[in-house]
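The block underneath contains the structure these notes are about, expressed in structure tokens.
Computed from a predicted model, the values in this text were never measured in an experiment. Each chain gets a letter, A, B and so on, in the order the sequences are listed, and its residues count up from 1. What you see below is based on every heavy atom in this structure, not just the backbone, and it leaves out hydrogens, waters and symmetry mates.
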Number of protein chains: 2
Amino acid sequence: MKKETILIALGGNALIRKGQIGTVAEQFENLKIPVRQIAKLSETYKIIITHGNGPQVGNLLLQQECCNAVPQLPLEILVAQTQGQIGYMIESTLDSELMELGITQYFITLITYVVVDENDPGFANPSKPIGPVYTEAEAKTVPYPTRKTAKGYRRVVVSPEPVTVVEKNEIRKLIDMDFIVICCGGGGIPVIREERRFHGVDAVIDKDLVSAKLAEEVGVDIFLIATDVPGAILNYGKPEEQLLRSLRLEDATRYLKEGHFPPGSMGPKVDAAMRFIRNRGKRTVITSIDAIEAAVAGAAGTEVLA
Amino acid sequence: MKKETILIALGGNALIRKGQIGTVAEQFENLKIPVRQIAKLSETYKIIITHGNGPQVGNLLLQQECCNAVPQLPLEILVAQTQGQIGYMIESTLDSELMELGITQYFITLITYVVVDENDPGFANPSKPIGPVYTEAEAKTVPYPTRKTAKGYRRVVVSPEPVTVVEKNEIRKLIDMDFIVICCGGGGIPVIREERRFHGVDAVIDKDLVSAKLAEEVGVDIFLIATDVPGAILNYGKPEEQLLRSLRLEDATRYLKEGHFPPGSMGPKVDAAMRFIRNRGKRTVITSIDAIEAAVAGAAGTEVLA
């Protein structure tokens with residue numbers, strides 16, 4: 001029987017947990033939890049892994065702003081740097097976990113860039129949270145736009161919509177050959193196409209929306225979003241909070257409007273899952289980092305249904 | 001007829017030329033020269049591209065040392081970041097050049113890590129130049145080891161020998177499928193293997209030596225090293241300087257001893273070419289960035305012969 005393909009989008013907490021500053025040792029230790037599950041799943045499924053880069057790209061941006069000894073780099077180059085950094089960390093952890101489990105697989109990490117539309121309204125409105133979390137008082141003192149998110153105040157940068165993943169044909173071919181593919185790190189490197197050339201743009205794309213686009217373009221069977229909560233939750237953080245084990249498109253639209261799934265947090269995840277289902281995707285589930293295997297088995301997380 | 005495979009190792013001047021500070025615009029502009037030639041060669045040959053990262057990894061290191069707002073990262077993570085950064089720049093330039101030439105190819109940039117020996121004597125003796133060039137007076141004031149190179153004084157870091165490229169099987173398979181592969185950026189991310197796990201080490205591997213290792217492990221037909229001079233030169237910089245169009249192993253050994261090919265400059269290139277030929281490699285040539293096509297045709301550069 002032909003193996004089904006799962007695309008697993010890893011959230012930032014796969015690398016840095018609440019209250020950690022994010023040393024390299026912490027990030028490698030945290031990665032074992034999702035990656036061990038993925039290593040096991042690779043015996044039954046073809047696998048694509050995507051990942052965020054919020055804290056890492058935020059750190060690079062802060063670092064170059066506080067040091068003027070070297071040329072400043074635009075955001076798309078910093079995203080490319082985080083693809084190398086996090087891709088290596090995920091791949092070498094996967095390598096170790098597969099060795100420990102005695103599983104042999106081909107696997108690679110791919111630098112990925114993603115076309116955006118130069119007329120995207122996102123260019124006029126910084127919306128994507130990156131970097132450290134600030135208190136309200138701190139947020140008033142930093143020299144760049146911030147926004148209140150579920151975690152606290154964070155810097156926001158320009159974030160256009162993904163139009164297409166440039167390497168989609170390569171990724172499809174690699175999946176056909178049973179490679180585990182790590183790609184679209186940090187939402188992909190944003191580029192615009194002008195006639196016969198690509199140009200990077202100073203922005204960051206949302207990794208869940210890119211993952212939905214890639215899931216559609218590759219035609220995966222299961223699109224799984226792994227984050228720091230067990231799934232889509234109504235009245236999150238209140239006494240009456242309620243995990244939804246399934247969520248129909250029409251209800252999701254209503255809950256989004258009612259503010260149950262805030263922007264920069266659960267909002268883009270539900271949005272991404274809805275896009276995949278609307279574009280004839282078979283199955284999508286939002287779950288926590290430690291329940292990836294259970295969610296694939298149907299025993300955890302929120303399934304978004306047509 | 002089966003296409004032959006060329007591995008092209010791009011030197012730092014493919015991205016940053018003498019006298020430039022290395023803005024992103026400069027690096028993209030410089031890349032067009034080697035990459036256009038490589039795009040044309042891809043119609044006749046299978047292609048692997050490797051590249052250095054000296055100035056880029058030096059910049060990241062300087063930057064994090066001058067800013068303590070974020071966690072410091074070890075060298076192997078900075079190498080991973082430059083693989084993302086430079087890999088993206090090469091790949092998107094290749095993409096544009098192929099489009100302009102109307103050539104269709106599959107191509108990807110691969111994060112690559114390379115095993116080193118934890119008992120390598122290199123760990124006791126920093127030897128690999130990275131970062132900016134200093135005057136002798138400046139070199140005395142910086143808080144890290146420096147060494148005089150052909151270009152001036154530069155910071156030196158630990159640089160162990162490459163033992164094996166971890167992704168060699170993946171790269172071989174990709175070449176079989178006619179993918180153009182960009183890999184081993186900055187000499188690869190150095191790791192040691194402890195039983196069933198990999199651990200990164202705080203070091204940088206020489207990109208020419210890794211390229212020779214990969215050329216051998218993949219079994220390429222031509223190993224080409226592209227740099228900022230036309231080839232191996234006797235009495236470089238003196239009135240009687242002489243470009244060698246061919247160089248036998250025994251002569252190369254003698255010239256190395258006599259100091260014609262200095263460490264951190266032409267030395268590792270001649271060393272890498274000699275290793276490839278000693279390990280039964282078919283053909284290797286050292287040439288300048290703008291003469292890659294001519295060198296493949298046998299009309300430029302230095303061929304190292306058995």
Set out, in order, the CA-CA distance, both residues' side-chain angles and the distance that settles salt bridge (Lys or Arg N to Asp or Glu O under 4.0 Å) for E97(A) and R197(B), then state yes or no. CA-CA 8 Å; E97(A) 295 298 334; R197(B) 298 203 84 86; 3.1 Å; yes
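- Q63(B) places no side-chain N or O within donor-acceptor distance of the main-chain N or O of A69(A), the cut-off being under 3.5 Å.
- The part of L174(A) that comes within reach of chain B is its side chain, from C-beta onward, which places non-hydrogen atoms under 4.5 angstrom from that chain.
- Heavy-atom pairs under 4.5 Å with chain B were tallied for R193(A), E65(A), Q72(A); the largest tally goes to R193(A).
- Chain B forms the most heavy-atom pairs under 4.5 Å with one residue out of H199(A), R196(A), Q56(A), and that residue is R196(A).
- We find the CG-CG distance between L60(B) and L60(A) to be 7.0 Å, quoted to the nearest 0.5 Å.
- With a 4.5 Å cut-off on non-hydrogen atoms, V166(B) touches chain A through its side chain but not through its backbone.
- Residues E170(A) and Y106(B) come closest through the heavy atom pair OE2-CA, 3.3 Å.
- When all heavy atoms of M177(B) and K173(A) are compared, the closest pair comes out as CE-CE, 3.6 Å.
- Under the 4.5 Å side-chain criterion, counting only non-hydrogen atoms from C-beta, I108(A) is in contact with I108(B).
- Between atom CD of residue E91(B) and atom OH of residue Y113(A) there is a gap of 4.5 Å, rounded to the nearest 0.5 Å.
- Cys pair C67(A)/C66(B): SG-SG separation is below 2.5 Å.
- Contacts between I189(B) and chain A at a heavy-atom distance below 4.5 Å involve the side chain alone, from C-beta outward.
- There is no contact between Q27(B) and chain A, counting heavy-atom distances below 4.5 Å.
- Note: Q64(A) leads M89(A), Q83(A), Q64(A), E195(A) in heavy-atom pairs under 4.5 Å with chain B.
- Closest of all the heavy-atom pairs between F198(A) and M99(B) is CE1-CE, 3.4 Å.
- Rounded to the nearest 0.5 Å, atoms CD1 (I77(A)) and CD (Q81(B)) are 12.5 Å apart.
- Across all their heavy atoms, P71(B) and G22(A) have their closest contact at CG-O, 3.9 Å.
- Chain A forms more heavy-atom pairs under 4.5 Å with one residue of N169(B), I21(B), D95(B), L62(B) than with any other, namely D95(B).
- Residue with the most contacts toward chain A among V79(B), T109(B), L73(B): T109(B) (heavy-atom pairs, distance under 4.5 Å).
- In this structure, no portion of T82(A) lies under 4.5 Å from any heavy atom of chain B.
- When all heavy atoms of G200(A) and Y88(B) are compared, the closest pair comes out as CA-OH, 3.5 Å.
- Two residues are said to be in side-chain contact when any heavy atoms from C-beta on lie closer than 4.5 Å; P74(B) and V24(A) meet this criterion.
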